[in-house]
Amino acid sequence: MSYTPANIESKWQQFWDEDGTFVVHEDDSRTKFYALSMFPYPSGKGLHVGHPAGYTACDVVSRFKAANGFNVMQPMGYDSFGLPAEQKAIEEGVAPQISTAESINTFRGQLKRLGYAYDWEREVSTCDPEYYKWTQYIFTVLYHRGLIYQSDLFVNWCSAMGTVLANDEVINGKSERGGHPVERKAMRQWMIRITDYAERLLQDLDNVDWPEATKARQRDWIGKSEGAVVQFKLQGRDDHLEVFTTRPDTLWGATYMVVAPEHPIVQSLATDAQREAVTAYQAETAAKSELDRQQVKEKTGIFTGSMAINPVTGEAIPVWIADYVIYGYGTGAIMAVPAHDERDWAFAKAMGLSIIEVVSGGDVQNEAYAGDGELVNSGAFNGTPTANNQAVAKVIEYLESQNMGSGKITYRLRDWTFARQRYWGEPIPVLKKDGEVVRVLDVDELPLVLPLTDNYTPTGTGASPLSAVEDWVHIDGMDRETDTMPGSAGSSWYFLRYCDPRNVASFCDRSKSDYWMPVDLYVGGPEHTVGHLLYARLWQKVLFDAGLVRDDEPFKKLRHQGMIQSFTYYTPEKRIVPQVDVEKRDGKFFKAGTDVELSSRIEKMSKRKGNVINPDDIIKKYGADAMRIYICFMGPLESDKPWQTNGLDGQFNWLKRVWRLFFDDEDQPLVNDDEASEAALKLIHKTIKKVTHDIENMAFNTAISAMHIATRDLTSMKCHSREVLTAFAQLLAPFAPHLGEELWTVALGNTGTVNTATWPAFDEAYTVDATINIGVQIMGKTRGQITIAPDADQDTALAAAKADPVLAGYLEGKNLVRVIYIKGRILNLIAK
RNA sequence: GCGCGAGUGGCGGAAUUGGUAGACGCGCAAGACUAAGGAUCUUGUGGCUUAGGCUGUGGGGGUUCGAUUCCCCCCUCGCGCACCA
């Protein structure tokens, strides 16, 4: 016999369940550690190999922290509202309640087979009324704090999906899911005032340990921009047009204005002579999809016929409409300074508008100049340098003194569209009469349960399928809101519910969240950077402001896992050949049964490309431990990396060698109580040090490499010392928990679980060698090496080098002019 | 276009503050044990080579006794944003 994962894995999974090994409770005498993986959407297809990449990393850290004395909570649950289940309902008539429950059972089984140290008693599912009762409740908290409103806005409308979408759900003018076209449409919508929190969401990024790239993306998404608002009087009218600009110092160069075509003021700006053309242009813009509008960069626009007065020059300047000005940003209108803004320059050239230089240093008739210089043609401000915003500050001061404008900060972030015209989501707990909000429901009226129906198809008119459930909609002479919440609602606070998952009186008892929060390690994909991670931060901050939680940031430390890719095989004609039809001969790939040689490319896994790896198949063949080990060994957590089944073979074979280190051919333990050799002790202490350090830094691949080396060397030493193997089993256990338990109990004869055993400590004295090899460079080139004590002095090192005949040969007949010696690193000799 | 990240053997990847480039694994080669080997074990494995060396971390320059690491320019790939005033 040898290592047979099927024999041990289910045994230990059953033991953990029955023993409650990973069930935790608050314990003030111990330091908590809250380890969290982003919960999955339970799709009907089951777990994908991408999921375990992050889950395994989080699990290794959890088990490591537990062994280091922390009170570790690692929960798991399901983000179970969402479109795929609803799509299935529309196509196959299966109620999402049913199909989701089935998918969850599949997921749970798969997660258990991977041996994760989850506290299953904390499992939550966002589509469970006991859960979404509190999602609805938090909605009412936001509502009462004035953060939720309804507004007639231009929203992202996806007619293929029959719903509106949030900004982060629109990628390049298409829906993130399905890639359907998205258009701008004016609709009455529920919105969350996330813009009120823009500054705090930006500032508090400084207080969290997140990847810099992720913080940078959130900062960009929030898009803080400092400048000024300036009022331009409209000629022949009493009102004015307000613009936002980051360059108030170029005000003297504003030769025209542009208003977004959707702006309500356009109606009154259009003169009779221009009205027809203006209306036509508005219609043209409205007909364009978001994608068209982004792709076509040629400037178009129409003069409204109205003039405005440049407040500092007193000149009358024309007011145009053009689709390069966005209604939703700033004031929806701009002052155009063609001399110093590329877009305005292109527009002015196309329309024949005048270009006046107000900052020296460029050739503004030939191209816009956005660099620094001195103000010119700017009256009293001539000569002011623009560098370091000097001119901007002076001009703002002047505008404020003249009541023409004032300093202003604008954010790119828009309010969060918080409604979907779909069935499978949390009902919005609002009662209306004649279309107007009467009130939100009280907590004792929640949950507002999603009614059963047999028609899930979007109406296409902007009303959700719920509107057809008459006896649910109409109540006490009022109507229920029929829109549902977006998928990101339930996931915006689930980390709090895990702290107190069965509480029927509160979303989470304050004492529980005070103990467990914030999340100490959060692991998930980088695709949630500006959606989920921003929304979750917002909800946490609102609950903080409401005094319902202590912390204003939910996730202390965040790490992303990379994408697991796969090889796609192509014929010379670039046709895809599924992996199952590929065979390998002489290191080359051929279409099975033919001589058609195939090329391969690393790509994202997808069903269409026939390159999907199913975790169940892997576990069946190699066991969960080998899969976990391989996932950790593939490369750095955050990198994308391709799945190579050969690589998995290598790790499986390693586990077999580990087995043989602990057991003989008859599976009898080889462990003995002989005193361990000095060499074996040195090896295991170095390994403990390396593995400990690497887990702390989440460098799992190099930790495993160190264990490979230990296995190889302990095997060749024939070391079966209990002391040494005990430590080794403990190091292995976070990565390969089933094998770890088996070695711990069966091979080493311990009782209980390795999970609660104290992590081995290393003795620094064993980690230093009596002598080491260091390189010797002569004239900057490595010529050999010497064996000396790590702390040997320069003279000793030099003597060792001179004693080496090869090295001495290089120095022969030359004068040593310089010696560079770095202890334990290098000896570099410069000779002439 | 702008922003971020990354380029190291046939492949995945290692390499404290700049200090012997290629750890570990895969693959490949030779051998051992075998009825057999997609098992196991041993040895070798960046390239070139007149076998002494030379060369080598995307390309080119620079700083340094010494550069995968720091600086400048360029190329390629990936991701994100996309007229944000």
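Note on naming: letters A, B, ... go to the chains in the order of the sequence lines (proteins, then strands), and numbering restarts at 1 for each one. Just so it is clear, the model here is predicted, and its values are computed rather than measured.
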Base partner of B/U40, which must satisfy Watson-Crick or wobble distances under 3.5 Å
B/A32

Measure from the ring center of A/Phe232 to the ring center of A/His240 and say whether it is less than 6.0 Å.
no

What is the base-pairing partner of B/A85, counting Watson-Crick and G-U wobble geometry with both distances under 3.5 Å?
none

In whole Å, measure the gap between the C1' atoms of B/A6 and B/U57 for me.
14 Å

Taking only N and O in the side chain of A/Ser705, is any of them less than 4.0 Å away from OP1 or OP2 of B/G25?
no

Name the orientation of the base relative to the sugar in B/G62: syn if the glycosidic angle is within 90° of 0, else anti.
anti

Rounded to the nearest Å, what distance is computed from the CG atom of residue A/Asp168 to the P atom of nucleotide B/C81?
9 Å

Taking only the P atom of each, what is the distance from B/C72 to B/U20 in whole angstrom?
25 Å

P-based separation of B/A23 from B/G13 [nearest Å]:
15 Å

Under a 3.5 Å limit on both distances, the Watson-Crick or wobble mate of B/U20 is none

Quote, to the nearest angstrom, the P distance that separates B/G61 from B/A67.
14 Å

Nearest of B/A85, B/A82, B/G12 to any side-chain atom of A/Gln644?
B/G12

Could you tell me whether the side chain of A/Asp713 and the main chain of A/Leu683 form a donor-acceptor pair under 3.5 Å?
no

Using the side-chain heavy atoms of A/Asn828, tell me which of these nucleotides is nearest: B/C24, B/G19, B/G80.
B/G19

Report, as yes or no, whether the 6.0 Å neighbourhood of atom CD on A/Glu342 holds more than 12 heavy atoms from other residues, nucleotides or ligands.
no

Give one of base, sugar-phosphate or nothing for A/Gln651, where a contact means two heavy atoms less than 4.0 Å apart.
sugar-phosphate

Searching all strands shown, indicate the nucleotide that pairs with B/C54 (Watson-Crick or G-U wobble; both distances under 3.5 Å).
B/G47

Heavy atoms under 4.0 Å, any strand shown: does A/Ile830 hit a base, just sugar-phosphate, or nothing?
sugar-phosphate

Can you see if the side chain of A/Asn701 gets near the phosphate of B/A14 - specifically, an N or O under 4.0 Å from OP1 or OP2?
yes

A/Asn646, nearest nucleotide to its side chain (from B/G27, B/G12, B/A23)
B/G27

Mate of B/C26 where both pairing distances stay under 3.5 Å, Watson-Crick or G-U
B/G10

Using ring centroids (six-membered ring only for Trp), state whether A/Phe633 and A/Phe700 fall under 6.0 Å.
no

Integer angstrom distance from the C1' of B/C65 to that of B/G10:
36 Å

When you compare B/U40 with B/U17, how far apart are their P atoms, in angstrom units rounded to a whole number?
38 Å

For the side chain of A/Thr782, starting at C-beta, report the closest nucleotide among B/U20, B/A85, B/C65.
B/U20

Is the ring centre of A/Phe567 less than 6.0 Å from the ring centre of A/Trp643?
no

If we take the C1' atom in both B/G44 and B/A35, what is their distance in whole Å?
29 Å

Please tell me which of the listed nucleotides, B/G12, B/A85, B/G19, lies nearest to the side chain of A/Pro642?
B/G12

Determine all donor-acceptor pairs shorter than 3.5 Å in which one atom belongs to a side chain in residues 820-828 of chain A; sequence neighbours excluded.
{"from": "A/Tyr821", "atom 1": "OH", "to": "A/Ala792", "atom 2": "O", "distance (Å)": "2.7"}
{"from": "A/Asn828", "atom 1": "ND2", "to": "A/Gln777", "atom 2": "OE1", "distance (Å)": "3.1"}

Would you verify whether the NZ or CZ of A/Lys299 falls within 45 degrees of the ring axis of A/Phe347 while also being under 6.0 Å from that six-membered ring's centre?
no

Does A/Ala333 offer a backbone N or O that forms a donor-acceptor pair with the side chain of A/His263 under 3.5 Å?
no

When you measure from the side chain of A/Phe633, which nucleotide among B/A82, B/C83, B/C24 comes out closest?
B/C24

Have a look at A/Arg247 and tell me which of A/Asp249, A/Thr245, A/Thr250 forms a side-chain hydrogen bond (donor to acceptor under 3.5 Å, both in side chains) with it.
A/Asp249

NA contact type, A/Arg217, heavy-atom cut-off 4.0 Å: base, sugar-phosphate, or nothing?
sugar-phosphate

When we call it a touch if two heavy atoms are under 4.0 Å apart, what does A/Ile820 touch: a base, just sugar-phosphate, or nothing?
base

Would you find more than 12 non-hydrogen atoms of other residues, nucleotides or ligands less than 6.0 Å from A/Glu527 atom CD?
yes

Spell out protein contact along nucleotides 37-46 of chain B as letters: B when the base is contacted, S when just the sugar-phosphate is, - when no protein heavy atom is under 4.0 Å; keep the 5' to 3' order.
---SS-----

How close do A/Gly371 and A/Thr386 get, heavy atom to heavy atom, and via which atoms?
O-OG1, 4.5 Å

Of the listed nucleotides (B/G13, B/G3, B/C65), which one gets closest to any side-chain atom of A/Pro636?
B/G13

Separation of A/Met563 atom CE from B/G80 atom C1', in whole Å?
13 Å

Using purine N1 to pyrimidine N3 plus N6-O4 or O6-N4 for Watson-Crick, or N1-O2 and O6-N3 for G-U wobble, each under 3.5 Å, what pairs with B/C4?
B/G78

Report, one pair per line, the protein and nucleotides 52-56 of chain B atoms (nitrogen or oxygen only) whose separation is under 3.5 Å.
{"from": "B/C54", "atom 1": "OP2", "to": "A/Arg783", "atom 2": "NH1", "distance (Å)": "3.4"}
{"from": "B/U55", "atom 1": "OP2", "to": "A/Lys781", "atom 2": "NZ", "distance (Å)": "3.2"}

Is the backbone of A/His693 close enough, under 3.5 Å, to the side chain of A/Asn697 for a donor and an acceptor to pair up by distance?
yes

Looking at the side chain of A/Arg412, which of B/A82, B/G3, B/U17 is the nearest nucleotide?
B/A82

